[in-house]
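Below is one structure, written out as structure tokens; the observations come after it.
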Amino acid sequence: MKKAILQFVIIGILISSFSGILHAQPAIKGAEYITQTQLTETVKFLCQPGLDGRQAASDGYKKAVDYMSAEFKKLGLTPLGNNGYLQEVPVEYTEITGTPVLEILSGSRMINSFVHGTEFTCRANTGSGDVSAEVVFCGYGISEPSLGYDDYSPIDVKGKIVMVFKQNPSWKIEGLDYSDVLTRYKTKKAIEHGALAVLFVAVPNVKDPQKPIGSLMDGKGIYEINIPQLQIDIPTANEFLAGTAFSLSQLEQRIDSLKQPFGLPLKISAHVNVESKYYPQRTSWNVVGMLKGSSSVQSSEYLVLGAHLDHVGRQGNNLYYPGANDNASGSAAVLQLARAFVNGNVRPARSIIFVLFTSEEQGLNGSEFFAKNLPVPLEKIVAMFNLDCIGSGDSIQVGSGKSSPVLWDIAHKNDSLYTKKMVAQTWSGGGADATPFFNIGIPTLYFVSKYSYTHLHLPTDTPETLNAELFEKIVTLAFITASEVLKGGYLREILITAP
């Protein structure tokens with residue numbers, strides 16, 4: 001009996017093993033070079049303090065550029081910039097120096113001082129100034145009397161510090177395009193009414209209100225070099241409101257429920273001190289290299305694999321933003337994809353352009369510049385894959401699927417065979433650095449991880465917070481999907497046209 005049972009168990013093990021062999025994933029040549037170790041090593045290099053958070057055009061960013069271009073050279077990629085691997089891109093640049101200060105005053109006496117980096121941050125394009133003045137709350141900071149809405153009426157803010165919501169109302173002000181109403185607009189309106197500094201605060205009555213972040217996305221308009229601009233956290237805002245009958249939540253609720261402005265003096269003063277230096281134009285760089293395809297015919301067709309290398313930089317002496325997930329992860333992925341193709345001796349029919357974009361954080365400047373100054377004919381680019389914020393979270397999302405369904409189906413099929421982490425949700429259009437390519441008719445995919453923005457634009461976006469296993473899977477999926485497209489079996493017309 002025991003012998004029969006043993007034989008049964010052995011047969012079961014053999015059947016199970018044989019079944020496993022039948023269902024094992026076939027090896028993908030080159031994919032063995034995509035490892036957690038190498039991906040995280042690159043992320044750690046890009047996040048070190050000496051790179052100062054990689055703000056476009058900064059000295060720290062140039063160190064990242066030099067490192068990546070040297071790695072491209074080691075791999076033997078063909079330079080496609082206007083200066084070797086470097087494509088020069090003009091950008092606006094602000095350097096914040098010293099130690100920014102925010103204090104509550106009673107008369108001329110300081111009664112509370114706030115911590116830079118957690119309780120408040122500077123807007124990355126803040127102006128300079130040393131201001132002590134009364135604080136006034138002015139709602140959403142919108143002033144459009146001709147449209148029947150003015151957060152500054154009838155409040156007097158001349159010679160004062162203005163506190164306003166950073167976000168815009170969830171309801172519509174007829175005739176106003178909110179895409180133009182960013183922090184630079186709100187600072188301009190504060191100045192027009194005589195304010196000396198601006199304190200932005202997140203709307204509180206939402207799930208997970210925004211913390212004070214480092215951000216370069218200020219919108220269009222004149223740069224105000226003499227107006228300090230800070231973002232404060234909600235508890236700090238409520239300390240400024242302590243002498244009134246309202247909390248910040250009550251103020252938002254009142255304005256939103258009535259859809260009417262409501263401002264008030266806060267019966268308290270603040271001291272704000274920021275030192276910054278502004279450069280209207282400074283040179284930054286995209287990093288661009290090519291691996292030529294093996295086909296004598298289809299090597300003149302290209303797949304672009306891109307990610308932005310920049311982040312939001314440094315503020316003063318003691319605060320910098322490592323930007324591990326955003327977007328050291330995507331930059332590391334592009335480099336590792338290049339290594340996988342070269343070191344794995346994978347020579348697909350089509351050619352590959354590897355590009356690291358600058359100044360995404362300021363408004364897609366690097367990818368816009370690249371799309372307007374393509375190193376190859378537009379009609380020869382079959383697709384563009386963007387990798388952004390792929391190192392954190394719990395699953396894979398591939399965007400642009402509604403606009404590029406053939407590409408999305410290729411990724412989804414490969415995920416079902418190999419990585420098994422892709423969710424079904426997608427979107428239409430490009431998104432982030434894929435947008436300029438989508439806008440000129442190039443089909444795109446946007447690889448990103450789900451639930452990956454916990455540390456977005458915060459000093460806590462460090463390599464230690466990444467999900468290394470998921471990180472490797474996303475890059476692997478991008479590699480396998482790219483390999484299939486690069487074989488040349490999918491005509492450009494099929495990829496562009498939805499079935």
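None of the values given here were measured: they were computed from a predicted structure.
- When each of Phe438, Trp427, Phe385, Trp408 is paired with Tyr446, the ring-ring contact (aromatic ring centres under 6.0 Å, His included) condition holds for Trp427 and for no other.
- Considering only heavy atoms from C-beta on, Asn125 stays 4.5 Å or farther from Thr183 through its side chain.
- Put simply, the side chain of Met110 reaches to within 4.5 Å of the side chain of Leu105, judged on heavy atoms.
- Using cut-offs of 30° and 60° on the angle between ring planes, the pair Tyr278 and Tyr223 is parallel.
- Between the side chains of Ser249 and Asn205, at least one donor-acceptor pair of N or O atoms lies under 3.5 Å.
- A side-chain N or O of Ser400 and one of Thr444 form a donor-acceptor pair less than 3.5 Å apart.
- With sequence neighbours left out, the side-chain contact (heavy atoms from CB on, under 4.5 Å) criterion links Lys421 to Ile396, Asp415, Leu470, Lys473.
- Counted by atom type alone, Thr187 and Glu224 present zero donor-acceptor pairs between their side chains at under 3.5 Å.
- Neither side chain, Asn286 nor Thr358, offers a donor N or O lying under 3.5 Å from an acceptor on the other.
- Checked options Glu360, Gln362, Glu361; the residue passing with Leu364 is Glu360 (criterion: side chain to side chain contact (heavy atoms under 4.5 Å, CB included)).
- Side-chain polar atoms of Asn112 and Glu239 form a donor-acceptor pair below 3.5 angstrom.
- For Asn365 and Ser359, the side-chain atoms include at least one donor-acceptor pair closer than 3.5 Å.
- Identified under the ring-ring contact (aromatic ring centres under 6.0 Å, His included) test for residues 135-160, with sequence neighbours left out: Phe137-Phe165, Tyr140-Phe165, Tyr149-Trp171, Tyr152-His193.
- Relative orientation of the Phe72 and Tyr85 rings is perpendicular, given thresholds of 30° and 60° on the angle between their planes.
- A donor atom on one side chain and an acceptor atom on the other are not found under 3.5 Å apart for Lys166 and Gln231.
- In this structure, Lys44 has no salt bridge (Lys or Arg N to Asp or Glu O under 4.0 Å) partners at least two apart in sequence or on a different chain.
- Donor-acceptor pairing under 3.5 Å is recorded for the side chains of Asp326 and His308.
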